[in-house]
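Note that these values count all heavy atoms, side chains included, but never hydrogens, waters or copies made by symmetry.
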Amino acid sequence: MELSHVISDAVLGAIGLFVFFRYLMKLDLVHTLLWESFVLSVAVAAILGAMKFSGIQNAGGLSVFFQKMAATVGAMGLVAACWYLMNDQIPNKITGYLVIGIGFLLFALDEGFGIKTITAYIPLICMGLVALIGIYGLVKGRTKPALLIFAGVLFAALASFRDKFISDPYDSVDAYHYLLAISLLCFGIGSSYENTVKE
């Protein structure tokens, strides 16, 4: 058992579930789907990761599966969710489902055909797009949600590149989990500035 990894992954999973039930469940169905495609994929991957680090090795493969989901379907959903957040709009159903569909197509290309560059570059591209959407939000006067989105992207980027400033591989794993947990919390709080009118 790797106790510190179990704890950090469990914290990440718990924060993801908290964000979902505290913030995302209040939104319009399609917008909830866009946000949760990222948040819940990360949360489930973290919970399974905690199980793996506690000694349940079979959970490792499933954790990787949901990590890939977060990097494809989730990343696409996050971009769309942030766009609608900055425009204070309820997502169009067709557009929302199309975005999720494209995400699943990217996931299938990676998982089914082994195109590994997808999970290597899609998250980076999507982080850049979310940052640009944050700038757009600032220009539109959506200051508070825009700053929270920036914070979410910043902590996600720090999590992704933690090896650049944390030399110990063991500590790097825990740092990844905690930084990503903060990122999810920022996105969750940011989503609370969304138009919450149900369809």
Side-chain angles (χ1 to χ4, degrees), residues 12 15-46 66-107 118-161 179-199:
L12 174 56
I15 291 293
L17 293 177
F18 169 77
V19 165
F20 175 71
F21 287 108
R22 175 66 177 83
Y23 299 108
L24 305 185
M25 286 288 288
K26 298 178 180 180
L27 303 177
D28 167 80
L29 176 62
V30 179
H31 210 147
T32 298
L33 180 64
L34 292 172
W35 283 108
E36 75 181 22
S37 65
F38 178 70
V39 172
L40 283 188
S41 293
V42 172
V44 173
F66 280 100
Q67 287 173 33
K68 290 179 179 179
M69 284 277 287
T72 51
V73 183
M76 295 294 295
L78 183 64
V79 171
C82 290
W83 173 256
Y84 282 108
L85 171 64
M86 291 302 106
N87 285 289
D88 197 21
Q89 295 176 347
I90 294 175
N92 175 277
K93 284 185 178 181
I94 295 175
T95 304
Y97 294 144
L98 180 62
V99 168
I100 295 299
I102 292 171
F104 272 111
L105 175 62
L106 293 171
F107 173 78
I118 290 175
T119 49
Y121 292 107
I122 290 297
L124 297 177
I125 293 169
C126 287
M127 278 195 291
L129 289 173
V130 170
L132 289 174
I133 290 169
I135 293 172
Y136 169 74
L138 286 173
V139 172
K140 285 200 69 172
R142 300 274 288 158
T143 307
K144 289 182 179 179
L147 290 176
L148 284 162
I149 293 306
F150 270 125
V153 171
L154 172 62
F155 283 108
L158 288 173
S160 298
F161 298 104
L179 289 167
L180 198 53
I182 297 170
S183 174
L184 291 187
L185 193 56
C186 290
F187 286 130
I189 297 171
S191 75
S192 69
Y193 290 89
E194 183 54 61
N195 187 331
T196 57
V197 178
K198 298 279 187 179
E199 287 188 335

Contact summary for Gly96 and Leu34, nearest pair of heavy atoms: O-CD2, 3.8 Å

Step-by-step side-chain contact (heavy atoms from CB on, under 4.5 Å) determination, Leu24 to Ser191: CA-CA 7 Å; Leu24 305 185; Ser191 75; 3.5 Å; yes

Derivation of the side-chain contact (heavy atoms from CB on, under 4.5 Å) call for Leu185 and Phe155: CA-CA 10 Å; Leu185 193 56; Phe155 283 108; over 6 Å; no

Qualifying residue, where the test is side chain to side chain contact (heavy atoms under 4.5 Å, CB included) with Arg142 and the options are Asp88, Leu147, Ile149: Asp88

Nearest heavy-atom neighbours spanning Ala81 and His31: O-NE2, 3.1 Å

Interatomic spacing from CG in Leu180 to CZ in Phe187 - rounded to 0.5 Å: 9.0 Å

Closest contact, heavy atoms only, Leu85 versus Gly190: CD1-O, 3.4 Å

Option from Leu12, Leu40, Val44 for which side chain to side chain contact (heavy atoms under 4.5 Å, CB included) with Leu17 holds: Leu40

Phe20 vs Trp35 side-chain heavy atoms within contact, under 4.5 Å: no

side-chain contact (heavy atoms from CB on, under 4.5 Å) between Cys126 and Leu78, intermediate numbers included: CA-CA 8 Å; Cys126 287; Leu78 183 64; over 6 Å; no

Minimal non-hydrogen separation, Ala70 against Val42, with atom names: CB-CG2, 3.8 Å

Between CD1 on residue Ile100 and CD on residue Glu36, distance to nearest 0.5 Å: 8.0 Å

Student check: side-chain heavy atoms of Phe38 and Val73 closer than 4.5 Å: no

Inter- and intrachain pairs under side chain to side chain donor-acceptor pair (under 3.5 Å), touching residues 68-79, at least two apart: Lys68-Glu111

Expected output: side-chain Asn87 to main-chain Gln89 donor-acceptor under 3.5 Å: no

Mutual orientation of the aromatic rings belonging to Phe104 and Phe107 [parallel < 30°, tilted 30-60°, perpendicular > 60°]: perpendicular

side-chain contact (heavy atoms from CB on, under 4.5 Å) between Ile189 and Val19, intermediate numbers included: CA-CA 8 Å; Ile189 297 171; Val19 165; over 6 Å; no

Separation between CG of Leu33 and OH of Tyr97, rounded to the nearest 0.5 Å: 6.5 Å

More than 12 heavy atoms of other groups within 6.0 Å of Tyr121 OH: no

Rounded distance (nearest 0.5 Å) linking atom CG of Leu27 with atom OG1 of Thr32: 4.5 Å

Nearest-0.5 Å distance, CG of residue Leu124 to CG of residue Leu129: 11.0 Å

Separation between SG of Cys82 and CG of Leu148, rounded to the nearest 0.5 Å: 10.5 Å

Trp83 and Tyr136 aromatic ring geometry - parallel, tilted or perpendicular at 30°/60° bounds: parallel

Where Ala71 and Ile122 come nearest, the two heavy atoms and their spacing: O-CG2, 3.4 Å

Side-chain (Ser183) to main-chain (Leu179) donor-acceptor, under 3.5 angstrom: no

Over all atoms of both residues, closest heavy-atom pair of Ile94 and Asn92: N-OD1, 2.9 Å

